[in-house]
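Data block below; observations after.
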Amino acid sequence: MVYEKTQIVLNQAVADLSKAASIVHQTHWYMRGSGFFYLHPKMDELMDELNETLDIVSERLITIGGAPYSTLKEFDEHSKLVEEVGSYDKSMTERLEKLADVYAYLSDLFQEGLEISDEEGDNPSNGIFSDAQDAVQKTLWMLQAEIGRPSGL
Ligand SMILES: [Fe+2]
């Protein structure tokens, strides 16, 4: 395989983007408190964006001969993101902090993807990781701004 290491990091992104979308969905359902009216629909937008990236990453992986994870079990086993059972007793700030951690993790993973795909000369995957990192860093900035902090990048 020409892009062996790139395939591995693309599949890692498949697992993590799937789990990230699940975490955002939980936030959409369980949030309570000030900001609900705009944050609840905002989570739909974030999910759509993650799922769009997931599809692009997954199809690039197939294009270069790989086999994306495609079951909930595989996503859970391979993702490094940690889920918790839903509960209503978290503040909006705690929820956004958790999401900021998720997006910071994705940004780091995409950095790894950028370096590996560059090393293997897989330019299309490199472009995908670059676009994906741009999107998650922008969301990270917005999440941090909502809780009154700098982006942290
Ligand atoms: Fe909904």
Side-chain angles (χ1 to χ4, degrees), residues 6-64 66-114 116-117 124-153:
T6 302
Q7 286 195 13
I8 292 167
V9 71
L10 284 167
N11 223 354
Q12 184 63 46
V14 168
D16 288 324
L17 285 161
S18 301
K19 208 156 170 187
S22 175
I23 292 169
V24 172
H25 214 162
Q26 184 186 67
T27 307
H28 175 77
W29 287 329
Y30 276 81
M31 64 168 59
R32 285 180 176 173
S34 179
F36 178 92
F37 274 115
Y38 65 92
L39 289 169
H40 179 72
K42 187 68 184 173
M43 296 303 120
D44 275 329
E45 278 176 45
L46 297 187
M47 262 188 292
D48 286 348
E49 200 174 68
L50 290 169
N51 284 322
E52 205 176 305
T53 305
L54 167 64
D55 195 52
I56 291 167
V57 166
S58 193
E59 289 176 0
R60 176 63 192 164
L61 176 56
I62 297 166
T63 301
I64 60 171
Y69 302 130
S70 58
T71 64
L72 294 175
K73 192 162 184 277
E74 286 171 299
F75 301 152
D76 193 41
E77 277 172 1
H78 295 281
S79 172
K80 293 181 181 135
L81 294 170
V82 179
E83 284 182 305
E84 287 168 34
V85 173
S87 79
Y88 294 108
D89 61 3
K90 287 192 172 67
S91 69
M92 208 59 106
T93 300
E94 285 171 323
R95 293 195 189 284
L96 296 178
E97 280 170 348
K98 164 77 180 174
L99 292 185
D101 288 346
V102 168
Y103 278 81
Y105 168 81
L106 290 174
S107 176
D108 289 347
L109 175 68
F110 297 154
Q111 183 62 39
E112 207 181 302
L114 279 164
I116 290 170
S117 56
S125 293
N126 197 267
I128 287 167
F129 281 122
S130 176
D131 290 346
Q133 194 184 48
D134 179 30
V136 297
Q137 288 187 352
K138 188 169 181 179
T139 301
L140 178 60
W141 156 54
M142 291 182 177
L143 288 165
Q144 298 282 38
E146 180 63 32
I147 47 183
R149 297 175 185 169
S151 75
L153 291 167

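No hydrogens, no waters, no symmetry mates; every other heavy atom, side chains included, goes into these values. First listed ligand is number 1; within each ligand, the first listed atom is number 1.
Excluding waters, the set of protein N, O or S atoms lying under 2.8 Å from the Fe ion (ligand 1) comprises His28 NE2.
The residues Glu146 and Lys42 are annotated as not salt-bridged, no charged nitrogen and carboxylate oxygen being separated by less than 4.0 angstrom.
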Anything under 3.5 Å between a donor and an acceptor, one on a side chain of residues 48-58, the other on a protein residue two or more places apart or in another chain? List them.
unit_1 : atom_1 : unit_2 : atom_2 : d
Glu49  : OE1    : Thr139 : OG1    : 3.4
Asn51  : ND2    : Met47  : O      : 3.2
Thr53  : OG1    : Glu49  : O      : 3.0

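Here the straight-line distance linking atom CD of Gln111 with atom OG of Ser130 works out to 9.5 Å at 0.5 Å rounding.
When the side chain to side chain contact (heavy atoms under 4.5 Å, CB included) test is applied to Gln12, the partners found at least two apart in sequence or on another chain are Asp16, Lys80, Tyr105, Leu109. For Ser107, the side chain to side chain contact (heavy atoms under 4.5 Å, CB included) criterion is met by Gln133, Val136, Gln137, Leu153, not counting sequence neighbours.
Within a 6.0 Å sphere centred on CD1 of Ile62, heavy atoms belonging to other residues, nucleotides or ligands number more than 12.
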